[in-house]
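For reference, the structure discussed in these notes is given below.
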There are 2 protein chains.
Amino acid sequence: MPRVTDSHRAGRRAEILTAAARLFADNGFHATSMAGIIAGSGLSAGAVYSYFRSKEELIGAVTDLVSTTADEVFGELLADGATPSPAAVVTAMVEEVTERFITDSVIGVDMSRLAVQVWAEALRNPEVLARAGRVVTGLRGHCAEVARRWQAAGNLPAAVVPDQVGAAMLSLVQGYILQRLLLPGTDGAYYVAGMQALLAPSSMLAASSVSGET
Amino acid sequence: MPRVTDSHRAGRRAEILTAAARLFADNGFHATSMAGIIAGSGLSAGAVYSYFRSKEELIGAVTDLVSTTADEVFGELLADGATPSPAAVVTAMVEEVTERFITDSVIGVDMSRLAVQVWAEALRNPEVLARAGRVVTGLRGHCAEVARRWQAAGNLPAAVVPDQVGAAMLSLVQGYILQRLLLPGTDGAYYVAGMQALLAPSSMLAASSVSGET
DNA sequence: CAAGGTAAAACGAACGGTCGTTCTTGACAA
DNA sequence: TTGTCAAGAACGACCGTTCGTTTTACCTTG
């Protein structure tokens, strides 16, 4: 038998996933046909269906890919014990989105476009909603942790609920993704400037550096 | 010569549009079939196609409906010459979304769900992108005007670009819409509290009332 | 080493179903 | 009668998926 190596098999799977992600990013999930994915992957229908049982499973896999990428992109923001300001964290998130999310280095697909498709799909597909909700919860939790530290440092009133602040911080990133796709000319620097002005109207320099990994 | 025409004919058109909007909100544009819309409208295929030339035209009409509703909901925020704080305006927008956008009074459809579908569709349909972009530009312009007045009142540095601040303000509304749909338990009051804390960390009462129409 | 067996992997034509759309037909108002 | 419009069966195209066949590469055997 063609005892193909595991890595080869995983590579094939990744190729199919990449082709699907590229088409999904361009046309959305339901305006993309399996025939297109099959052609894009360079394989046959039967081969594709031996790696993914159905189109829905492919959608789920791409959703996971977006989720994983999002986690990776934002996961390092609080690697150490720093207490950056919310404005600095949102700035860092916007920059990370611009550099690593909009054109993913691994497969060269605009993950921000996929994210919007995932949001829309989540409204009708309970499984996608569950996955997407988990990611959003996680990201909001990271932001809430920032708010908690900022609060502990005395920069926020004690009565403030960190998770609530985290929700607003996450919104600033989601809105950036959305407006950049919908409105030409909304780039990272343009957006960050307004966000920082909104968050620190009196003193313009509340931002300190945000650490990456150690 | 149409005997019962005009208002009756417009009513029919509205019925079809309502049925389409309801199904689009539930399942998105491409997972909704014309057969479903035809059944939902209570008319026949031929009748529906005499009012709308194609499914694409129906999608465009629903996009317009969402746009119009959004304009109406947010158009009154700056009716007079008041200079409310950005936080107060975003608060008012979130409340308007909750009360008038999430369940539109005219047709009883969740416009926020439709908005997400429009965002996704805009990424692949140039006409929808144009319409959606126009609306987002308009909303951001309204927010920018708030920032401009706030700046003129001396609450923002002169170097700040109002449109940039408007983009961030709009993000806070878009993020609310998104997170409310994706995460159970994100209601208006919960969200507003965090937003206000983020925008006015030092003095918790920057908000004043925002005027409706005169 | 060479040849043949074997089973996984890939192929791709074909399938039933559903899609968006059209068009013939009938009913009714003028 | 005649003009208008709705009804809904019918249509071709394309959908996601299946499955019988062919190819491939490793293992066994002489």
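Per chain, numbering begins at 1; letters A, B, ... match sequence-line order.
At least one donor-acceptor pair under 3.5 Å links the side chain of B/Q151 to the backbone N or O of B/V160. Panel note: side chain A/Q117, backbone B/A120; a donor-acceptor pair is recorded below 3.5 Å. For A/Y191 (side chain) and A/L172 (main-chain N/O), a donor-acceptor pair under 3.5 Å exists by modelled atom type. Within the 3.5 Å criterion, the main-chain N or O of B/A167 finds a donor-acceptor partner in the side chain of A/Q179.
Contacts of residues 50-62 of chain A with DNA chain D (heavy atom under 4.0 Å): A/S54, A/K55. Within a heavy-atom distance below 4.0 Å of DNA chain C, no residue of residues 17-42 of chain A is found.
With sequence neighbours excluded, the residues satisfying side-chain contact (heavy atoms from CB on, under 4.5 Å) with A/N27 are A/A31, A/T32, B/R124. Annotation: side chain to side chain donor-acceptor pair (under 3.5 Å) contacts of A/E95 (sequence neighbours excluded): none.
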Pairs under 3.5 Å (N/O, protein and nucleotides 19-21 of chain D):
none

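Between D/dA7 and B/S44, a contact under 4.0 Å exists linking OP1 or OP2 to a side-chain N or O. In this structure, B/R12 does not reach the D/dC5 phosphate: none of its side-chain N or O atoms is under 4.0 Å from OP1 or OP2.
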Verdict with supporting geometry, A/E145 and A/R148, salt bridge (charged side-chain N to carboxylate O under 4.0 Å, His left out): CA-CA 5 Å; A/E145 175 60 23; A/R148 195 171 293 112; 2.7 Å; yes

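Among pairs with a residue in residues 42-55 of chain A, those fulfilling salt bridge (Lys or Arg N to Asp or Glu O under 4.0 Å) read A/R53-A/E57, at least two apart in sequence or across chains.
B/R140 and A/T186 are linked by a side-chain donor-acceptor pair at a separation below 3.5 angstrom, with hydrogens and angles left out of the test.
The side-chain contact (heavy atoms from CB on, under 4.5 Å) with B/R131 is formed by just one residue from the set B/V136, B/N125, B/T63; it is B/T63.
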